[in-house]
Trainee: 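Would you mind keeping the following structure in view while I ask a few things?
These figures come from a predicted structure and were not determined experimentally.
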Amino acid sequence: MTSVRFAAPALAYAAAALLAGVAAPVLAHTAAASQPAAAGAPGIVKSVKVEPGGLYEIVFNPADSDILIAAVGPRGEARGAVARLNADLTPGQSIDVSANPLYGLGFNSRTQTLYGTATRSGSVGVVDVRTGRLVATIKDGDDDSAHVREVIVDEARNKAYVTVVGGEANDASRPNQIWVVDGATNTLERKIDAPVGGLTGAALDAAANRLFVTGMSSNDVGVIDLNTGRAVGTWPTGSEKPTNVAFDARGNRLFVASQGTGDLTVMNAADGAVIRKVPTGEGALGVAYNPGVDQVYVANRQAGTVTVVNGADYAVLANLQTGTFPQTIAVDPATNAVYVTNKARGLPRNAPAGTPVPVDPAGDTVTLIRP
């Protein structure tokens, strides 16, 4: 899987239905917002501004050592793109998705296939990253209302799992579902009901073929057996608005970021027991784990920080001011570089037509962190 992934207004993770053409992204360097840190502590290397802005999810491509970023552009403007940056944040070539911008991203590095969620059309766009072409659009029949949010990829099985945000648990009128996409045919293979309310994030235990899902309104983590398609448990997090989750295969742990309580919950992935609570910051949203250095990264959207947590003793190693609204995180396991998207301040939803978009130097940026 890739990172993860969003805030309350950003529950409307979206993705592309049409992709056409290739264009180079426009970037401008911003000052790195690092603060003094102890020797050897994680720190910010630099941040860059990414056009057309409106940044959401980020994924890392190990084949090319570059990153792909969902950039939906300013509200009301058709400028969506999948921006591409090299590992050092210098610009690469982006993919034009203006016809139906991507918000949530999942990436299969083996097939070089990008999956993106599009809430506006209730669809999943499938993109060949090598050519920059849309190769498929996946929908649930004629229904365009599905609130598709996040994509988790199982590269070995060539499957993609898409979270569909619903209402309260067991609300048949607004079901919380997982779409299972067959990567060989890029078609919707089946739908699985999730045992949580307000489904948002997901993480894959590939060895056991289990999917863990977060219930933002039910405040729990659900467990799905992907072999049978059945829910096999729900575990309370003890936190409010758990939004995204990462899985540690070696330690059999879950790391859950909860917006409501601004914390990281560490859970035993065997039975759901809470191991530790770590306060991180207001609006804890995105979470990623790097087993190579045994560190957890939490993007605290409202606090404007990324918290780095030691996976051995759960001590906070750093709180880094990365940008205005830190959202999602991707990790390069080869170099241990950490990449963070920071969304910008936008117009209020009731802003009159013609209101200028606020200038936000620290928003719509990608930040590079070194452990």
Trainee: Taking only Lys NZ, Arg NE, NH1 and NH2, and the carboxylate oxygens of Asp or Glu, determine whether D64 and R130 approach each other closer than 4.0 Å.
Mentor: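 Yes, D64 and R130 are salt-bridged.
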
Trainee: Between T234 and D220, do the side chains contain a donor N or O and an acceptor N or O under 3.5 Å apart?
Mentor: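 No, T234 and D220 have no side-chain donor paired with an acceptor closer than 3.5 Å.
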
Trainee: Do D364 and L55 have side chains that get closer than 4.5 Å, going by heavy atoms?
Mentor: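 They are in side-chain contact.
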
Trainee: For S123 and D144, test the side chains for any donor-to-acceptor distance below 3.5 angstrom and give the result as yes or no.
Mentor: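 S123 vs D144: no donor-acceptor pair found between side chains.
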
Trainee: Under a plain distance cut-off of 3.5 Å, with no hydrogens placed, do D360 and T324 share a side-chain donor-acceptor pair?
Mentor: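 Side chains of T324 and D360: pair found under 3.5 Å.
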
Trainee: If the threshold is 4.0 Å, N to carboxylate O, is there a salt bridge linking R253 and D294?
Mentor: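 Salt bridge present between R253 and D294.
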
Trainee: Are side-chain heavy atoms of L114 and V151 found at a separation under 4.5 Å?
Mentor: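 No; the side chains remain at least 4.5 Å from each other.
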
Trainee: Using side-chain heavy atoms (C-beta onward) and a distance below 4.5 Å, is T187 in contact with E189?
Mentor: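 The answer is no, as the side chains (C-beta and beyond) never meet within the 4.5 Å cut-off.
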
Trainee: Any side-chain donor paired with an acceptor under 3.5 Å for Q259 and R301?
Mentor: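 Checked: Q259/R301 side chains show no N/O donor-acceptor pair below 3.5 Å.
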
Trainee: What residues, two or more places apart in sequence or in another chain, satisfy side chain to side chain contact (heavy atoms under 4.5 Å, CB included) together with A169?
Mentor: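 A169 satisfies side chain to side chain contact (heavy atoms under 4.5 Å, CB included) with no residue once adjacent residues are dropped.
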
Trainee: With no hydrogens and no angle check, do the side chains of T113 and D128 hold a donor and an acceptor under 3.5 Å apart?
Mentor: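 No donor-acceptor contact under 3.5 Å links the two side chains.
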
Trainee: Is atom CZ of R210 surrounded by more than 12 heavy atoms (other residues, nucleotides or ligands) closer than 6.0 Å?
Mentor: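 Yes, because the 6.0 Å sphere around CZ of R210 holds more than 12 heavy atoms from other groups.
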
Trainee: List in chain and number order the residues that pass ring-ring contact (aromatic ring centres under 6.0 Å, His included) with Y339, two or more places apart in sequence or in another chain; answer none if no residue qualifies.
Mentor: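 With sequence neighbours excluded, Y339 shows a ring-ring contact (aromatic ring centres under 6.0 Å, His included) to no residue whatsoever.
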
Trainee: Does some side-chain heavy atom of L264 sit less than 4.5 Å from a side-chain heavy atom of V309?
Mentor: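 The answer is yes, as the side chains (C-beta and beyond) meet within the 4.5 Å cut-off.
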
Trainee: Can you find a heavy atom in the side chain of F212 that is under 4.5 Å from one in the side chain of V256?
Mentor: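 Not in contact.
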
Trainee: Is V148 close to W179 at the side-chain level, that is, under 4.5 Å between some pair of heavy atoms?
Mentor: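 Touching, per the 4.5 Å side-chain cut-off.
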
Trainee: Is there a donor-acceptor contact under 3.5 Å linking the side chains of T237 and T265?
Mentor: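 On atom types as modelled, these side chains do not qualify, holding no pair under 3.5 Å.
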
Trainee: Out of the candidates N336, D332, D248, only one should pair with N290 under the side-chain hydrogen bond (donor to acceptor under 3.5 Å, both in side chains) rule; please name it.
Mentor: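 Exactly one candidate clears the test, N336.
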
Trainee: Would you please say whether a donor-acceptor pair under 3.5 Å links the side chains of N227 and N209?
Mentor: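 On atom types as modelled, these side chains qualify, holding a pair under 3.5 Å.
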
Trainee: Are side-chain N/O atoms of Q112 and N61 paired as donor and acceptor at under 3.5 Å?
Mentor: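 Side-chain D/A pair, Q112 to N61: present.
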
Trainee: Are T305 and T322 side-chain neighbours, meaning at least one heavy-atom pair lies under 4.5 Å?
Mentor: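 No, too far: nothing below the 4.5 Å cut-off.
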
Trainee: Is any side-chain heavy atom of Y56 less than 4.5 Å from a side-chain heavy atom of L105?
Mentor: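 The answer is no, as the side chains (C-beta and beyond) never meet within the 4.5 Å cut-off.
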
Trainee: Salt bridge (charged side-chain N to carboxylate O under 4.0 Å, His left out), that's the test. Do R79 and E51 meet it? Break it down for me.
Mentor: CA-CA 9 Å; R79 297 175 59 199; E51 293 289 347; 3.5 Å; yes

Trainee: Have K241 and T261 got a donor and an acceptor in their side chains that come within less than 3.5 Å?
Mentor: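 No pair is found: no donor N or O on one side chain lies under 3.5 Å from an acceptor on the other.
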
Trainee: Between the side chains of N186 and Y115, does any donor sit under 3.5 Å from an acceptor?
Mentor: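 N186 vs Y115: donor-acceptor pair found between side chains.
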
